[in-house]
Amino acid sequence: MYVADSRSSKAPVAPAAGQVRRGAALRAVPGAVLALGTVSMVTDVSSEMVNAVLPLYLLTGLGLSPLGFGLLDGIQNGFSALVRLVGGHLADRRGRDGAARHKAVAAVGYGLSALCRPLLLFVHTVPLIGAVIAVDRTGKGLRTAPRDAMISLATEPAHRGRAFGVHRAMDTAGALLGPLTAFLVLRLAGGPMLADGGERHGYDAVFTVSACVAALGVLILLLFVPTRQEGDDPSNTAPSLRSSLTLLRLPGLRRLTGCAVLLGLTTVSDSFLYLLVQRRLGLSVNLFPLLPLGTAAAFLLLAVPLGSLADRIGRRRLFLLGHGVLLLAYGLLLSPLRGLPAVLCVLVLHGSFYAATDGVLAAAAADAVPAEQRGAGLALVGTGQALARFACSLLFGALWSALGGPTALAWSAGALALCVAGAAVVLRSPGTVAADSTVAADAAEERA
(Lines give C-alpha, C1' and ligand atoms only; values in the text may rest on other atoms or scores of the structure.)
Protein backbone atom coordinates (compact mmCIF):
# COMPACT_ATOMS: atom_id res chain seq x y z
CA MET A 1 0.00 0.00 0.00
CA TYR A 2 2.75 2.42 0.97
CA VAL A 3 5.73 0.57 -0.45
CA ALA A 4 6.96 2.32 -3.57
CA ASP A 5 5.95 0.49 -6.74
CA SER A 6 9.09 0.63 -8.85
CA ARG A 7 8.44 0.37 -12.57
CA SER A 8 12.04 0.83 -13.62
CA SER A 9 13.73 -1.86 -15.68
CA LYS A 10 16.83 -1.60 -13.51
CA ALA A 11 17.37 -4.17 -10.81
CA PRO A 12 16.61 -2.73 -7.41
CA VAL A 13 19.44 -2.28 -4.95
CA ALA A 14 18.80 -3.98 -1.61
CA PRO A 15 18.81 -1.42 1.19
CA ALA A 16 20.67 -1.95 4.42
CA ALA A 17 18.82 -3.68 7.26
CA GLY A 18 18.78 -0.52 9.37
CA GLN A 19 17.35 1.49 6.49
CA VAL A 20 14.61 -1.09 6.00
CA ARG A 21 13.61 -0.96 9.66
CA ARG A 22 13.56 2.82 9.68
CA GLY A 23 11.56 2.90 6.45
CA ALA A 24 9.07 0.40 7.81
CA ALA A 25 8.64 2.46 10.96
CA LEU A 26 7.93 5.57 8.91
CA ARG A 27 5.44 3.78 6.67
CA ALA A 28 3.68 2.47 9.77
CA VAL A 29 2.47 5.99 10.62
CA PRO A 30 1.04 7.76 7.54
CA GLY A 31 0.54 11.52 7.44
CA ALA A 32 -3.23 11.13 7.72
CA VAL A 33 -2.79 9.40 11.08
CA LEU A 34 -0.57 12.22 12.36
CA ALA A 35 -3.10 14.83 11.20
CA LEU A 36 -5.97 12.99 12.88
CA GLY A 37 -3.84 12.62 16.00
CA THR A 38 -3.34 16.40 16.08
CA VAL A 39 -7.08 16.96 15.78
CA SER A 40 -7.75 14.52 18.61
CA MET A 41 -5.04 16.06 20.77
CA VAL A 42 -6.44 19.59 20.44
CA THR A 43 -10.02 18.39 20.94
CA ASP A 44 -9.05 16.41 24.02
CA VAL A 45 -7.43 19.47 25.58
CA SER A 46 -10.83 21.16 25.24
CA SER A 47 -12.95 18.27 26.54
CA GLU A 48 -10.67 17.28 29.41
CA MET A 49 -10.56 20.85 30.68
CA VAL A 50 -14.28 20.50 31.34
CA ASN A 51 -14.17 16.87 32.51
CA ALA A 52 -11.48 17.70 35.07
CA VAL A 53 -13.69 20.13 37.02
CA LEU A 54 -17.19 18.83 36.28
CA PRO A 55 -17.36 15.93 38.80
CA LEU A 56 -16.26 18.14 41.70
CA TYR A 57 -18.60 20.92 40.58
CA LEU A 58 -21.62 18.61 40.38
CA LEU A 59 -21.05 16.60 43.56
CA THR A 60 -19.72 19.34 45.84
CA GLY A 61 -21.34 22.45 44.46
CA LEU A 62 -24.74 21.21 43.27
CA GLY A 63 -25.02 18.47 45.89
CA LEU A 64 -25.67 15.72 43.38
CA SER A 65 -25.87 12.20 44.84
CA PRO A 66 -23.55 9.44 43.59
CA LEU A 67 -26.54 7.82 41.86
CA GLY A 68 -27.39 11.09 40.11
CA PHE A 69 -23.77 11.54 39.11
CA GLY A 70 -23.76 7.97 37.82
CA LEU A 71 -26.71 8.86 35.59
CA LEU A 72 -24.96 11.92 34.17
CA ASP A 73 -21.70 10.01 33.80
CA GLY A 74 -23.57 7.24 32.02
CA ILE A 75 -25.08 9.77 29.63
CA GLN A 76 -21.58 10.53 28.41
CA ASN A 77 -21.26 6.93 27.24
CA GLY A 78 -24.92 6.17 26.48
CA PHE A 79 -25.61 9.06 24.10
CA SER A 80 -22.33 8.44 22.34
CA ALA A 81 -23.35 4.81 21.81
CA LEU A 82 -26.80 5.67 20.46
CA VAL A 83 -25.42 7.60 17.49
CA ARG A 84 -22.16 5.71 16.90
CA LEU A 85 -23.80 3.15 14.62
CA VAL A 86 -25.43 5.93 12.61
CA GLY A 87 -22.10 7.75 12.31
CA GLY A 88 -20.31 4.61 11.18
CA HIS A 89 -22.92 3.78 8.54
CA LEU A 90 -23.12 7.34 7.18
CA ALA A 91 -19.33 7.48 6.97
CA ASP A 92 -19.25 4.36 4.77
CA ARG A 93 -21.68 5.93 2.29
CA ARG A 94 -19.99 7.39 -0.77
CA GLY A 95 -20.21 10.86 -2.27
CA ARG A 96 -20.37 11.80 -5.94
CA ASP A 97 -16.60 11.46 -6.28
CA GLY A 98 -16.76 7.85 -5.08
CA ALA A 99 -14.93 8.58 -1.80
CA ALA A 100 -16.40 7.52 1.52
CA ARG A 101 -17.70 10.31 3.74
CA HIS A 102 -15.52 9.58 6.74
CA LYS A 103 -14.09 13.10 6.97
CA ALA A 104 -17.45 14.84 6.48
CA VAL A 105 -19.18 12.85 9.22
CA ALA A 106 -16.20 13.29 11.56
CA ALA A 107 -16.28 17.07 10.95
CA VAL A 108 -19.96 17.22 11.95
CA GLY A 109 -19.17 15.31 15.14
CA TYR A 110 -16.25 17.54 16.10
CA GLY A 111 -18.32 20.63 15.27
CA LEU A 112 -21.20 19.57 17.54
CA SER A 113 -18.85 19.11 20.48
CA ALA A 114 -17.23 22.48 19.81
CA LEU A 115 -20.63 24.19 19.87
CA CYS A 116 -21.40 22.68 23.29
CA ARG A 117 -18.46 24.27 25.06
CA PRO A 118 -19.82 27.87 25.15
CA LEU A 119 -23.26 26.55 26.20
CA LEU A 120 -21.77 25.56 29.54
CA LEU A 121 -21.49 29.28 30.28
CA PHE A 122 -25.28 29.58 30.36
CA VAL A 123 -26.51 26.35 32.01
CA HIS A 124 -26.38 26.17 35.80
CA THR A 125 -28.76 23.33 36.65
CA VAL A 126 -28.28 19.57 36.54
CA PRO A 127 -30.94 18.89 33.83
CA LEU A 128 -29.51 21.53 31.48
CA ILE A 129 -25.94 20.40 32.10
CA GLY A 130 -27.09 16.86 31.33
CA ALA A 131 -28.62 18.04 28.05
CA VAL A 132 -25.38 19.77 27.02
CA ILE A 133 -23.40 16.64 27.90
CA ALA A 134 -25.79 14.57 25.79
CA VAL A 135 -25.26 16.78 22.72
CA ASP A 136 -21.51 16.77 23.27
CA ARG A 137 -21.48 12.97 23.47
CA THR A 138 -23.64 12.82 20.35
CA GLY A 139 -20.85 14.63 18.53
CA LYS A 140 -18.31 12.20 19.96
CA GLY A 141 -20.45 9.27 18.82
CA LEU A 142 -20.63 10.61 15.28
CA ARG A 143 -16.90 11.19 14.91
CA THR A 144 -15.33 8.18 16.62
CA ALA A 145 -16.02 5.43 14.05
CA PRO A 146 -15.19 7.59 10.97
CA ARG A 147 -11.96 8.74 12.59
CA ASP A 148 -10.85 5.20 13.46
CA ALA A 149 -11.90 4.00 10.00
CA MET A 150 -9.66 6.65 8.41
CA ILE A 151 -6.75 5.52 10.58
CA SER A 152 -7.21 1.84 9.66
CA LEU A 153 -7.68 2.53 5.94
CA ALA A 154 -4.57 4.69 5.78
CA THR A 155 -2.36 2.08 7.47
CA GLU A 156 -1.02 -1.30 6.41
CA PRO A 157 -2.70 -4.13 8.36
CA ALA A 158 0.56 -5.32 9.94
CA HIS A 159 1.15 -1.87 11.48
CA ARG A 160 -2.33 -0.96 12.67
CA GLY A 161 -1.48 -1.53 16.31
CA ARG A 162 1.38 0.95 16.08
CA ALA A 163 -0.70 3.48 14.11
CA PHE A 164 -3.54 3.39 16.61
CA GLY A 165 -0.95 3.61 19.38
CA VAL A 166 0.51 6.78 17.88
CA HIS A 167 -2.94 8.29 17.48
CA ARG A 168 -3.95 7.38 21.03
CA ALA A 169 -0.66 8.76 22.37
CA MET A 170 -1.34 12.10 20.67
CA ASP A 171 -4.94 12.00 21.88
CA THR A 172 -3.72 11.30 25.40
CA ALA A 173 -1.28 14.19 25.22
CA GLY A 174 -4.40 16.34 24.97
CA ALA A 175 -5.92 14.50 27.91
CA LEU A 176 -2.74 15.24 29.84
CA LEU A 177 -2.73 18.93 28.97
CA GLY A 178 -6.47 19.43 29.49
CA PRO A 179 -6.68 19.02 33.28
CA LEU A 180 -3.43 20.94 33.72
CA THR A 181 -4.83 23.79 31.62
CA ALA A 182 -8.06 23.77 33.65
CA PHE A 183 -6.05 23.87 36.87
CA LEU A 184 -4.01 26.85 35.66
CA VAL A 185 -7.02 28.71 34.27
CA LEU A 186 -8.85 28.33 37.58
CA ARG A 187 -5.85 29.69 39.43
CA LEU A 188 -5.31 32.60 37.05
CA ALA A 189 -9.00 33.50 37.04
CA GLY A 190 -9.08 33.50 40.83
CA GLY A 191 -12.16 31.31 40.97
CA PRO A 192 -12.96 29.00 43.88
CA MET A 193 -11.88 25.39 43.60
CA LEU A 194 -15.11 24.33 45.31
CA ALA A 195 -18.20 25.34 43.37
CA ASP A 196 -20.77 26.70 45.81
CA GLY A 197 -23.46 27.99 43.49
CA GLY A 198 -22.23 31.55 43.99
CA GLU A 199 -19.11 32.95 42.36
CA ARG A 200 -18.50 31.16 39.05
CA HIS A 201 -16.00 33.24 37.12
CA GLY A 202 -13.22 30.66 37.53
CA TYR A 203 -15.31 27.92 35.93
CA ASP A 204 -16.64 30.29 33.26
CA ALA A 205 -13.04 30.99 32.28
CA VAL A 206 -12.42 27.23 31.89
CA PHE A 207 -15.50 26.85 29.67
CA THR A 208 -14.51 29.87 27.51
CA VAL A 209 -10.95 28.67 26.89
CA SER A 210 -12.30 25.17 26.18
CA ALA A 211 -14.61 26.53 23.49
CA CYS A 212 -11.76 28.33 21.70
CA VAL A 213 -9.54 25.24 21.74
CA ALA A 214 -12.37 23.05 20.37
CA ALA A 215 -12.88 25.43 17.43
CA LEU A 216 -9.16 25.14 16.62
CA GLY A 217 -9.48 21.35 16.44
CA VAL A 218 -12.29 21.57 13.87
CA LEU A 219 -10.21 23.96 11.77
CA ILE A 220 -7.22 21.57 11.73
CA LEU A 221 -9.48 18.71 10.62
CA LEU A 222 -10.90 20.70 7.71
CA LEU A 223 -7.52 21.99 6.52
CA PHE A 224 -5.07 19.13 7.03
CA VAL A 225 -6.90 15.77 7.00
CA PRO A 226 -7.27 14.38 3.45
CA THR A 227 -10.78 13.61 2.23
CA ARG A 228 -9.80 10.38 0.47
CA GLN A 229 -7.71 7.81 2.31
CA GLU A 230 -5.11 5.74 0.45
CA GLY A 231 -6.76 2.52 1.56
CA ASP A 232 -10.21 3.66 0.41
CA ASP A 233 -11.21 1.92 -2.83
CA PRO A 234 -13.78 3.99 -4.80
CA SER A 235 -14.82 0.85 -6.74
CA ASN A 236 -16.33 -0.62 -3.56
CA THR A 237 -20.09 -0.38 -3.48
CA ALA A 238 -21.78 1.61 -0.72
CA PRO A 239 -23.10 -0.80 1.92
CA SER A 240 -26.78 -0.83 2.77
CA LEU A 241 -28.05 -0.24 6.28
CA ARG A 242 -29.16 -3.86 6.47
CA SER A 243 -25.72 -5.17 5.55
CA SER A 244 -24.14 -2.90 8.16
CA LEU A 245 -26.41 -4.29 10.86
CA THR A 246 -25.65 -7.88 9.89
CA LEU A 247 -21.90 -7.53 10.33
CA LEU A 248 -22.18 -9.41 13.61
CA ARG A 249 -22.63 -12.56 11.54
CA LEU A 250 -18.87 -12.42 11.06
CA PRO A 251 -17.55 -14.82 13.77
CA GLY A 252 -14.46 -12.82 14.65
CA LEU A 253 -16.34 -9.54 15.00
CA ARG A 254 -19.14 -11.18 16.98
CA ARG A 255 -16.73 -12.71 19.52
CA LEU A 256 -14.77 -9.49 19.88
CA THR A 257 -17.92 -7.41 20.36
CA GLY A 258 -19.30 -9.85 22.92
CA CYS A 259 -16.09 -9.71 24.95
CA ALA A 260 -15.94 -5.90 24.76
CA VAL A 261 -19.50 -5.76 26.13
CA LEU A 262 -18.78 -8.30 28.85
CA LEU A 263 -15.69 -6.46 30.07
CA GLY A 264 -17.32 -3.02 29.72
CA LEU A 265 -20.01 -4.06 32.18
CA THR A 266 -17.38 -4.30 34.92
CA THR A 267 -15.17 -1.32 34.00
CA VAL A 268 -15.68 1.48 36.54
CA SER A 269 -15.75 4.92 34.90
CA ASP A 270 -12.80 7.26 35.27
CA SER A 271 -14.77 9.80 37.29
CA PHE A 272 -15.82 7.24 39.91
CA LEU A 273 -12.28 5.88 40.09
CA TYR A 274 -10.84 9.35 40.71
CA LEU A 275 -13.47 10.07 43.35
CA LEU A 276 -12.53 6.85 45.12
CA VAL A 277 -8.83 7.72 44.96
CA GLN A 278 -9.50 11.18 46.40
CA ARG A 279 -11.81 10.03 49.19
CA ARG A 280 -10.11 6.79 50.25
CA LEU A 281 -6.60 8.20 50.18
CA GLY A 282 -7.51 11.57 51.71
CA LEU A 283 -6.24 13.84 48.96
CA SER A 284 -7.07 17.54 49.06
CA VAL A 285 -9.89 18.59 46.73
CA ASN A 286 -7.46 21.15 45.30
CA LEU A 287 -5.52 18.25 43.78
CA PHE A 288 -8.56 16.51 42.32
CA PRO A 289 -8.30 18.11 38.82
CA LEU A 290 -4.74 16.76 38.62
CA LEU A 291 -5.63 13.10 39.16
CA PRO A 292 -6.26 12.39 35.45
CA LEU A 293 -2.70 13.53 34.74
CA GLY A 294 -1.25 10.32 36.16
CA THR A 295 -3.49 8.16 33.99
CA ALA A 296 -2.80 10.30 30.92
CA ALA A 297 0.97 10.27 31.46
CA ALA A 298 1.11 6.46 31.67
CA PHE A 299 -1.17 6.17 28.63
CA LEU A 300 0.98 8.60 26.66
CA LEU A 301 4.23 6.76 27.43
CA LEU A 302 2.89 3.25 26.82
CA ALA A 303 0.43 3.63 23.91
CA VAL A 304 2.99 3.26 21.11
CA PRO A 305 5.10 0.47 22.72
CA LEU A 306 2.02 -1.56 23.62
CA GLY A 307 0.50 -0.93 20.18
CA SER A 308 3.63 -2.35 18.59
CA LEU A 309 3.57 -5.24 21.05
CA ALA A 310 -0.03 -5.98 20.00
CA ASP A 311 1.13 -6.25 16.38
CA ARG A 312 3.59 -8.94 17.47
CA ILE A 313 1.80 -11.04 20.10
CA GLY A 314 -1.83 -10.57 19.02
CA ARG A 315 -4.23 -7.70 19.63
CA ARG A 316 -6.91 -9.74 21.38
CA ARG A 317 -4.36 -11.22 23.78
CA LEU A 318 -3.09 -7.79 24.79
CA PHE A 319 -6.66 -6.54 25.14
CA LEU A 320 -7.29 -9.20 27.80
CA LEU A 321 -3.98 -8.52 29.55
CA GLY A 322 -4.95 -4.86 29.80
CA HIS A 323 -8.06 -5.74 31.78
CA GLY A 324 -5.91 -7.84 34.07
CA VAL A 325 -3.86 -4.72 34.77
CA LEU A 326 -7.07 -2.83 35.59
CA LEU A 327 -7.95 -5.56 38.07
CA LEU A 328 -4.61 -4.93 39.80
CA ALA A 329 -5.51 -1.23 40.08
CA TYR A 330 -8.81 -2.12 41.77
CA GLY A 331 -7.03 -4.43 44.18
CA LEU A 332 -4.50 -1.77 45.11
CA LEU A 333 -7.24 0.77 45.69
CA LEU A 334 -9.01 -1.66 48.03
CA SER A 335 -5.81 -2.52 49.91
CA PRO A 336 -4.74 -0.90 53.20
CA LEU A 337 -2.01 1.05 51.39
CA ARG A 338 -2.31 4.84 51.60
CA GLY A 339 -0.34 7.89 50.62
CA LEU A 340 1.07 9.36 47.43
CA PRO A 341 2.93 6.21 46.27
CA ALA A 342 -0.34 4.24 46.32
CA VAL A 343 -2.07 7.00 44.36
CA LEU A 344 0.66 7.01 41.72
CA CYS A 345 0.58 3.22 41.38
CA VAL A 346 -3.19 3.20 40.85
CA LEU A 347 -2.97 5.94 38.22
CA VAL A 348 -0.08 4.24 36.37
CA LEU A 349 -1.99 0.94 36.27
CA HIS A 350 -5.08 2.79 35.08
CA GLY A 351 -3.15 4.43 32.25
CA SER A 352 -1.53 1.10 31.32
CA PHE A 353 -4.99 -0.42 31.05
CA TYR A 354 -6.02 2.20 28.48
CA ALA A 355 -2.76 1.87 26.54
CA ALA A 356 -3.32 -1.89 26.23
CA THR A 357 -7.00 -1.75 25.28
CA ASP A 358 -8.21 1.46 23.66
CA GLY A 359 -6.45 1.60 20.30
CA VAL A 360 -5.74 -2.12 20.43
CA LEU A 361 -9.47 -2.94 20.39
CA ALA A 362 -9.99 -0.71 17.34
CA ALA A 363 -7.07 -2.34 15.53
CA ALA A 364 -8.42 -5.81 16.33
CA ALA A 365 -11.89 -4.86 15.10
CA ALA A 366 -10.46 -3.45 11.85
CA ASP A 367 -8.89 -6.86 11.14
CA ALA A 368 -12.33 -8.50 11.23
CA VAL A 369 -14.25 -6.04 8.99
CA PRO A 370 -14.07 -5.50 5.20
CA ALA A 371 -12.77 -2.11 4.08
CA GLU A 372 -16.07 -0.94 2.57
CA GLN A 373 -17.80 -1.42 5.93
CA ARG A 374 -14.97 -0.36 8.19
CA GLY A 375 -16.86 2.53 9.78
CA ALA A 376 -19.94 0.45 10.60
CA GLY A 377 -17.89 -2.47 11.93
CA LEU A 378 -15.84 -0.30 14.26
CA ALA A 379 -19.05 1.41 15.37
CA LEU A 380 -20.61 -1.92 16.31
CA VAL A 381 -17.75 -2.81 18.63
CA GLY A 382 -17.56 0.67 20.10
CA THR A 383 -21.33 0.87 20.60
CA GLY A 384 -21.45 -2.41 22.47
CA GLN A 385 -18.63 -1.33 24.75
CA ALA A 386 -20.11 2.14 25.35
CA LEU A 387 -23.56 0.79 26.21
CA ALA A 388 -21.99 -1.67 28.62
CA ARG A 389 -20.07 1.12 30.34
CA PHE A 390 -23.27 3.19 30.51
CA ALA A 391 -24.94 0.32 32.36
CA CYS A 392 -21.88 -0.03 34.60
CA SER A 393 -22.05 3.66 35.59
CA LEU A 394 -25.69 3.29 36.61
CA LEU A 395 -25.09 0.07 38.53
CA PHE A 396 -21.96 1.35 40.24
CA GLY A 397 -23.69 4.59 41.25
CA ALA A 398 -26.58 2.59 42.73
CA LEU A 399 -24.19 0.27 44.58
CA TRP A 400 -22.23 3.22 45.93
CA SER A 401 -25.42 4.89 47.20
CA ALA A 402 -26.58 1.66 48.86
CA LEU A 403 -23.35 0.07 50.12
CA GLY A 404 -20.60 2.69 49.89
CA GLY A 405 -17.79 3.22 47.39
CA PRO A 406 -15.29 0.59 48.60
CA THR A 407 -17.91 -2.16 48.70
CA ALA A 408 -19.14 -1.23 45.24
CA LEU A 409 -15.56 -1.40 43.93
CA ALA A 410 -15.04 -4.80 45.54
CA TRP A 411 -18.12 -6.17 43.76
CA SER A 412 -16.89 -4.68 40.48
CA ALA A 413 -13.43 -6.21 40.93
CA GLY A 414 -14.87 -9.67 41.52
CA ALA A 415 -17.13 -9.38 38.47
CA LEU A 416 -14.22 -8.16 36.33
CA ALA A 417 -12.10 -11.18 37.30
CA LEU A 418 -14.89 -13.52 36.21
CA CYS A 419 -15.43 -11.62 32.94
CA VAL A 420 -11.71 -11.69 32.05
CA ALA A 421 -11.71 -15.46 32.51
CA GLY A 422 -14.83 -15.84 30.36
CA ALA A 423 -13.49 -13.57 27.63
CA ALA A 424 -10.23 -15.56 27.55
CA VAL A 425 -12.22 -18.70 26.76
CA VAL A 426 -14.25 -16.98 24.01
CA LEU A 427 -11.23 -15.37 22.33
CA ARG A 428 -9.26 -18.61 22.44
CA SER A 429 -11.40 -20.07 19.65
CA PRO A 430 -9.57 -21.37 16.54
CA GLY A 431 -10.82 -18.59 14.27
CA THR A 432 -9.70 -15.87 16.64
CA VAL A 433 -6.28 -17.37 17.20
CA ALA A 434 -5.82 -17.77 13.44
CA ALA A 435 -6.64 -14.12 12.85
CA ASP A 436 -4.05 -12.98 15.37
CA SER A 437 -1.50 -15.42 13.94
CA THR A 438 -2.02 -13.99 10.42
CA VAL A 439 -1.46 -10.44 11.62
CA ALA A 440 1.65 -11.45 13.55
CA ALA A 441 3.00 -13.31 10.50
CA ASP A 442 2.44 -10.23 8.31
CA ALA A 443 4.30 -8.09 10.82
CA ALA A 444 7.20 -10.56 10.93
CA GLU A 445 7.38 -10.61 7.14
CA GLU A 446 7.52 -6.79 7.07
CA ARG A 447 10.39 -6.78 9.58
CA ALA A 448 12.25 -9.41 7.60
Side-chain angles (χ1 to χ4, degrees), residues 1-4 19-48 91 99-107 109-111 113-114 140 143-178 213-232 296-297 299-311 315 351 354-355 358-363 365-366 371 374-375 378 443 446-447:
M1 186 184 304
Y2 294 99
V3 180
Q19 293 176 329
V20 171
R21 284 193 293 270
R22 287 192 294 271
L26 291 175
R27 291 195 301 273
V29 187
V33 175
L34 297 177
L36 286 165
T38 303
V39 174
S40 294
M41 179 176 64
V42 172
T43 303
D44 240 32
V45 171
S46 171
S47 61
E48 292 303 322
R101 298 174 179 172
H102 297 125
K103 179 180 175 179
V105 176
Y110 280 108
S113 294
K140 181 174 177 60
R143 70 180 183 252
T144 299
R147 180 203 66 201
D148 286 349
M150 285 190 282
I151 294 172
S152 67
L153 289 170
T155 310
E156 293 179 346
H159 298 305
R160 281 181 186 144
R162 177 190 289 270
F164 275 102
V166 169
H167 173 268
R168 295 310 196 258
M170 297 179 72
D171 181 83
T172 307
L176 186 65
L177 293 173
V213 175
L216 176 62
V218 176
L219 185 62
I220 294 173
L221 173 71
L222 295 176
L223 294 179
F224 297 103
V225 175
T227 300
R228 188 190 297 275
Q229 303 304 314
E230 294 187 45
D232 182 23
F299 193 174
L300 175 63
L301 293 174
L302 295 173
V304 176
L306 290 182
S308 300
L309 179 63
D311 289 336
R315 291 154 191 167
Y354 277 119
D358 190 11
V360 172
L361 177 61
R374 190 63 51 78
L378 291 172
E446 287 283 345
R447 291 193 298 271

Audit row: V39, V225, side-chain contact (heavy atoms from CB on, under 4.5 Å) steps and yes/no: CA-CA 9 Å; V39 174; V225 175; 4.2 Å; yes
Steps toward side chain to side chain donor-acceptor pair (under 3.5 Å) verdict (T155, R160): CA-CA 6 Å; T155 310; R160 281 181 186 144; over 6 Å; no
Working for side-chain contact (heavy atoms from CB on, under 4.5 Å), residues M170 and L36: CA-CA 9 Å; M170 297 179 72; L36 286 165; over 6 Å; no
side-chain contact (heavy atoms from CB on, under 4.5 Å) between Y110 and S46, intermediate numbers included: CA-CA 11 Å; Y110 280 108; S46 171; over 6 Å; no
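Pairing each heavy atom of A106 with each of M150, the nearest pair is CB-CE, 4.2 Å. Taking each heavy atom of A296 and T172 in turn, the nearest pair found is O-CG2, 3.0 Å. For the residue pair A366 and S152, the shortest heavy atom distance occurs at CB-CB, 3.8 Å. Of all heavy-atom pairs between P146 and V105, the closest is CG-CG1, 3.8 Å. Closest of all the heavy-atom pairs between A114 and V218 is CB-CG2, 4.1 Å. Here the closest heavy-atom approach between residue V42 and residue G217 is recorded as CG1-N, 3.6 Å.
Interatomic distance, CZ of R168 versus CG of D148, reported as 4.5 Å (0.5 Å rounding). Residue D171 holds its CG atom at 8.5 Å from CD of E48, rounded to the nearest 0.5 Å. Taking CG of L176 as the reference point, atom CZ of F299 lies at 12.0 Å (rounded to 0.5 Å). Note that CG of L34 and CE of M41 are 10.5 Å apart. Values are rounded to the nearest 0.5 Å.
Judged purely by atom type and a 3.5 angstrom limit, D311 uses its side chain to pair as donor or acceptor with the backbone of G161.
Between F164 and I151, some side-chain heavy-atom pair lies under the 4.5 Å cut-off. Looking only at side-chain heavy atoms (C-beta outward), R147 and H167 come within less than 4.5 Å of each other.
A side-chain donor from one of R143 and S113 sits under 3.5 Å from a side-chain acceptor of the other.
F224 pairs with exactly one of L222, L221, I220 by the side-chain contact (heavy atoms from CB on, under 4.5 Å) rule, that one being I220.
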